[in-house]
Amino acid sequence: MAHSSRNPSLDISISGNSFDIHPGLHLPSTNDNDPPILEHGPHFRSAPVDYLKRLGLFVSGSEWRSYDKYIGQRVFYNGFSDEIKEAVLASPQLRSKIESLVTNRIHVEQQQEGLQGAEDCSKRRIQLLGQLDDVARTLTDQMICKMDSKLSIRGAFFLATQLLTRSYHQGIHVSSEEVLRLRAVAEKAEKKKQSIIYLPRHTSHVDYVALQVICYRLGLSLPTVIAGDNLNIPALGTFLQHAGAMWIRRSFGDDQLYTTLVQSYIDVLLQKGLNVECFIEGGRSRIGKLLPPKFGILNFLLESVVSGRVADAIICPVSTQYDKVIEVDSYINELLGRPKSKENLAGLLSSSSVLSLKLGRVDVRFHEPWSLREFVQQQRGKLTTLTEHQQTELEKAHDKNLRMRLLRTLGYKVLSDINAVSVVMPTAMIGTILLTKRASSTGSSRESGGVGKSELIRRVEWLCSQIRAQGGRVSHFGGLHMSTVIERGLEVLGPKLVRVQKDLAEETYHVVDAFQLSFYRNMTIHLFVPQALVCAACYASESTYKEKLSYNNVKSRVEFLSQLFRGEFIFPMAGFMANLDDTLGGLERDKVLQITHQSEPPTTTAAGHQSGDSSSIFITQSSTTFTFYHSLITPFIETYWLASLSLLLLLRPSNPAKPCFNPQTASFPLSQLIASAQLLGKTLYAQGLLTHFEAVNKETLKNAFARFVLEGIVVVEKGREQTIRMRDEWLNVGKSGKRKVWAFCLKLAAYRVRGSGQRANGDGNGWEYEARLVNVVRERMWKEREGIVMASL
C-alpha cells in the first residue's frame, strides 16, 4: 500500500488488545488529545500502591503484557542463546575459516619454527583447532543477544516505558496505516520464515528503546539489535543484551575470525527468520540530518542473501523523530571539538536530568517494507550492464567495484525511504523559521530583532504548506490550534534556545543558541535541498533583483554545488537535468524566480534544457521565499568554504603578505587539521568574518575534507592516526592565473555571505583579514608539528 503525502497517516493508540485509530489533520477531529501508543503510569512517590499494582501486571504477564502472542518467530524462551550459539559455532563458513587459519599457521610454523613430521603437524593442528574453537566460543558468547527469559523482557519493557513516558511526556506516536501494513507483512514473513530487517535512522540512544517498545506493544517479534560494544558497560550492557542487543566491535581491523563470526551470526539469525535491527548511519547524527550510510553491517546482510545462504529478508526503513533529543547538549560539545565522554550508566540516565524533563513526543514512522532479494534482482541488470563480459548472475559478481555500487544503491535507497516517511516536528519548524527569518533580516544568523508571535504562527503555517507541497509529512497536531502547537514547541525547546520577551505589545521570540537550534533546523533541510541549491547558485551570480541571469550560468553553479554536497544530502533519483528543470519549474510557479524562455528552443533536449540554452532567469521582488531557501544551505556552504580555506594551513608559513603561495606542504594528522580549522572558524566568527557559528562543527568539516579527497585535492592516509596532505598539482597555477587551491577557495566564497552581510569578493582582493588569520593559525599549527617531530627524535 503506497502512502500519499497528501493524505497523512492516522495516529494510533492501543488499549488492551484493541487498536483505536484517530483521525489526522485531513479529517475533522473531535478529539484534541489523541492518545499516544504508551499510557502514562503512576509514579512511585505520588502513588506507590498504584505503581506496585502496575508492576505486578507485568510480572504476572496480564493480557498483552505476557508477550505470549506475537507475530514472528519464537524468542525469549529458556535455552534460546545456547541454541543460537551452537548454530553459529557449527556454521560451515566459520568451520572453514578456522580450518584455513589453522592450516596457514601450521605452514608458517613449518617455515619459521621448524615444525616437522606428520605426527607433530597433526598434534599441532588439534591444539590450534581447540584454541580457536575456545576463542570463537568466547567471542560468540560475548556477542550474541540472550533472549532466554520472558520475565526479563517484561521487566525491561516496564522500565523502558517508565523512562520514556517521564522524559517524553507527550508519548510515542505511530501511524495506524503503517502499523497495520507492517503487521500484515510480518504475518507473511512468519509463514515464509523470513526476517524483517529494521533499518532506522540514528539520532539518540532512545532509538534503541523506542522501536523495541513499539514491537512489544504491537505484538511483533522483537528484533536483535546490532549495537556497538561502547554501550556494553557494567550493568547496562548485561541488561541490554538480555533485552535483545548483540555487541560488535566498532572496528574489526584485519581479524578474519571475528569478521567470519559476525557473518555467521547474521546468517543464523536470518536463516531462522529472526528479526534484526541496525542503524543505517552507524553512529548517531550529531547535526540533526541524516548521515551518509555506513556499509559494514549492511554488507553482511547483503552477503547473506547474495551468497544464497539466506533465501530472502524483508527491509523496513524506519524514521524516528523527536521534539527534543536528550543528548543534544553533549552533541554540541562534541561538534565544537571537546572530547567525547565515555559511555556510562549514570551519564546515560542523567542526560540533561532525563527523568525530570518534558521533551515532548516521539514520532516513529515505518516505510513500506520490501524484499531484499527482489531489490538485488532489480539491480542485477542495471549493474551488470556496466561489465559486459561478466555473467548476469549476481552471485558471481563479487567484483569489489560492482559490489560497492550495489551497496551504495542499497544504502542510499534506505536513506531516501527514511526521508520519505520522516515527520517534521513542531520544534523543527519553529527552529527553521526563527533561524531563516533571522538570516533574512540581517544577511546573517547573528543576533538581530526577534520574531513576533503572529508572524511566527503565519510563517510556521506557511512552512507546513511548503513541507506538504514537497511530499513531506508534518507531525499530527491532534486538532490543536497552531498557536497552542507553537507554545508547546517553545516550552520543549526551553529558554536556553529561544527567549520569550513578554513586556511588549506582542510576545516576541529571540534566538539564544543558534548552534543548538540548527540541530532542529537540519531536520527539515532534506525537503528543500534542490530549491536551496538553485537559490544559492542564483545568489552566487552576483545579480540584483530583476537583473537577468543566464540559465547556463545557474545550471553550471547548481551542478558544482550538487557535486560538492553529493555526500552531504540525499538527492532525488531522477537525474541532474530532470531535477533541475523540475526545481526551476516549481520556483517559477511559486513566483520565487521568473524564467524567460528562448523563442526557438534547441532541436534536442534531455529534460527541457540543454547546453546552449539562452533562457533567462530573474529573482522576483518577493524575496522572502528565496531567502528562506538560501538560508537553509548557507551554513553548509560556509563550512565547506572554511574547510577549503583551512587547506592553506597545510602550506609552510612564508611571507605574511602572500600566505597562500608557498609551494611547500606536509602531512598533518587529520584531527589536528580539523581542530585548527575550528580555531580559525571561531576566530573568523568572533571578528565578524563568518556568518554562521555552526559552520565550525566538526562533523560537517569531516564531510568536507572527505569530499576534497574524492575531488582529488587532498590525500588521506590511514595508519595509527589518519593523516592528510595536499596533492602537489593543486599547488600549480591554473587557467585563472592563481594556484588551484586558492582558486577553489575563491570559487566557494562566491556562494557565501560574509559576516557583515556583504557578498564575498571572488577575485581574491579584499581578503586581508582572512589571509592574516590563516597565517596566524598556520604558524601555530606548524610550530606544534615541529615540536612533535623534535620530541620524536
Side-chain angles (χ1 to χ4, degrees), residues 73 75 77-148 193 195 224 226-230 232 234 237-238 241-242 245-274 276 296-297 299-311 395-396 398 400 403 720:
Q73 303 304 315
V75 288
Y77 58 86
N78 188 31
F80 173 87
S81 58
D82 288 338
E83 182 182 312
I84 295 294
K85 186 192 303 181
E86 295 308 315
V88 171
L89 294 173
S91 162
Q93 190 179 14
L94 180 60
R95 302 315 311 168
S96 175
K97 175 56 68 175
I98 290 177
E99 289 285 350
S100 174
L101 291 172
V102 168
T103 299
N104 292 340
R105 181 60 193 171
I106 289 177
H107 179 71
V108 170
E109 291 184 6
Q110 286 175 327
Q111 298 293 322
Q112 299 179 359
E113 302 176 20
L115 184 65
Q116 297 178 354
E119 185 176 349
D120 287 345
C121 290
S122 178
K123 289 181 180 179
R124 183 57 175 155
R125 175 178 293 275
I126 293 172
Q127 183 183 26
L128 290 173
L129 284 172
Q131 290 175 354
L132 285 183
D133 281 342
D134 289 342
V135 171
R137 184 171 292 275
T138 300
L139 290 175
T140 303
D141 187 66
Q142 293 171 349
M143 179 191 305
I144 65 172
C145 70
K146 299 179 178 179
M147 298 179 172
D148 293 307
K193 204 176 180 180
S195 303
T224 295
I226 302 175
D229 60 4
N230 60 306
N232 189 10
T238 302
Q241 196 170 20
H242 284 81
M246 65 166 279
W247 305 120
I248 60 170
R249 299 172 184 168
R250 304 291 286 182
S251 175
F252 294 3
D254 296 324
D255 194 331
Q256 297 181 46
L257 178 62
Y258 190 80
T259 301
T260 306
L261 196 59
V262 173
Q263 181 68 71
S264 299
Y265 183 29
I266 289 176
D267 284 351
V268 167
L269 291 174
L270 299 186
Q271 287 164 357
K272 290 181 173 292
L274 297 169
V276 175
I297 294 299
N299 189 32
F300 286 122
L301 296 167
L302 184 63
E303 172 63 23
S304 295
V305 173
V306 169
S307 66
R309 295 191 296 271
V310 175
E395 287 76 9
K396 298 179 182 179
H398 285 286
K400 289 184 178 180
R403 173 59 68 89
R720 291 183 60 186

What's the spacing between [X] [atom1] and [Y] [atom2] if we round to 0.5 Å?
{"X": "I98", "Y": "L129", "atom1": "CD1", "atom2": "CG", "value": "7.5 Å"}
{"X": "L132", "Y": "L139", "atom1": "CG", "atom2": "CG", "value": "10.0 Å"}
{"X": "F300", "Y": "I226", "atom1": "CZ", "atom2": "CD1", "value": "9.5 Å"}
{"X": "S96", "Y": "L101", "atom1": "OG", "atom2": "CG", "value": "9.5 Å"}
{"X": "C145", "Y": "Y265", "atom1": "SG", "atom2": "OH", "value": "3.5 Å"}
{"X": "M246", "Y": "I84", "atom1": "CE", "atom2": "CD1", "value": "11.5 Å"}

Pair listing, ring-ring contact (aromatic ring centres under 6.0 Å, His included) test, anchored in residues 78-109, at least two apart: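 Non-adjacent pairs meeting ring-ring contact (aromatic ring centres under 6.0 Å, His included): Y77-F80.
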
Using the rule given for side chain to side chain contact (heavy atoms under 4.5 Å, CB included), can you reason through I266 versus V276, listing the C-alpha separation, both sets of side-chain angles and the distance that settles it, and then say yes or no? CA-CA 9 Å; I266 289 176; V276 175; over 6 Å; no

Close side-chain approach of [X] and [Y], heavy atoms under 4.5 Å:
{"X": "L274", "Y": "V75", "value": "yes"}
{"X": "L89", "Y": "D133", "value": "no"}
{"X": "L128", "Y": "Q131", "value": "yes"}
{"X": "Q263", "Y": "S304", "value": "yes"}
{"X": "N299", "Y": "R403", "value": "yes"}

For [X], which residues count as a side-chain hydrogen bond (donor to acceptor under 3.5 Å, both in side chains) partner, sequence neighbours excluded?
{"X": "Q127", "answer": "R124"}
{"X": "R125", "answer": "E99, T103"}
{"X": "D229", "answer": "none"}
{"X": "E86", "answer": "R137"}

Looking at residues at least two apart in the chain, or sitting in another chain, which of them share a salt bridge (Lys or Arg N to Asp or Glu O under 4.0 Å) with K146?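 Counting only residues at least two positions away or on another chain, K146 forms a salt bridge (Lys or Arg N to Asp or Glu O under 4.0 Å) with D141.
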
How would you list, by chain and number, every residue that makes a salt bridge (Lys or Arg N to Asp or Glu O under 4.0 Å) with K123, sequence neighbours excluded?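 Listed in chain order: E119.
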
Dump the intermediate steps for side chain to side chain contact (heavy atoms under 4.5 Å, CB included) on T224 and M147, then the final yes or no. CA-CA 9 Å; T224 295; M147 298 179 172; 4.0 Å; yes

Might you point out which heavy atoms bring Y258 and F252 nearest each other, and give the distance in Å?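 Closest pair (atom of Y258, atom of F252, distance): CE2-CE1, 3.5 Å.
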
Taking all atoms of both residues into account, what is the closest heavy-atom pair of K272 and A87, and its distance?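 Minimum heavy-atom contact is CE-CB, 4.3 Å.
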
Using side chain to side chain contact (heavy atoms under 4.5 Å, CB included) as the criterion, list what pairs up with [X], not counting sequence neighbours.
{"X": "T238", "value": "H242"}
{"X": "T260", "value": "Q93, L94, K97, S264"}
{"X": "K193", "value": "Q73"}

Quick one: salt bridge (charged side-chain N to carboxylate O under 4.0 Å, His left out) pairs with a partner in residues 255-267, sequence neighbours left out?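 For residues 255-267: R249-D255, D267-R309.
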
Give a yes or no on whether N78 atom CG has more than 12 heavy-atom contacts from other residues, nucleotides or ligands under 6.0 Å away.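 Not more than 12 within 6.0 Å, no.
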
Can V88 and K85 be said to form a side chain to side chain contact (heavy atoms under 4.5 Å, CB included), step by step? CA-CA 5 Å; V88 171; K85 186 192 303 181; 5.8 Å; no

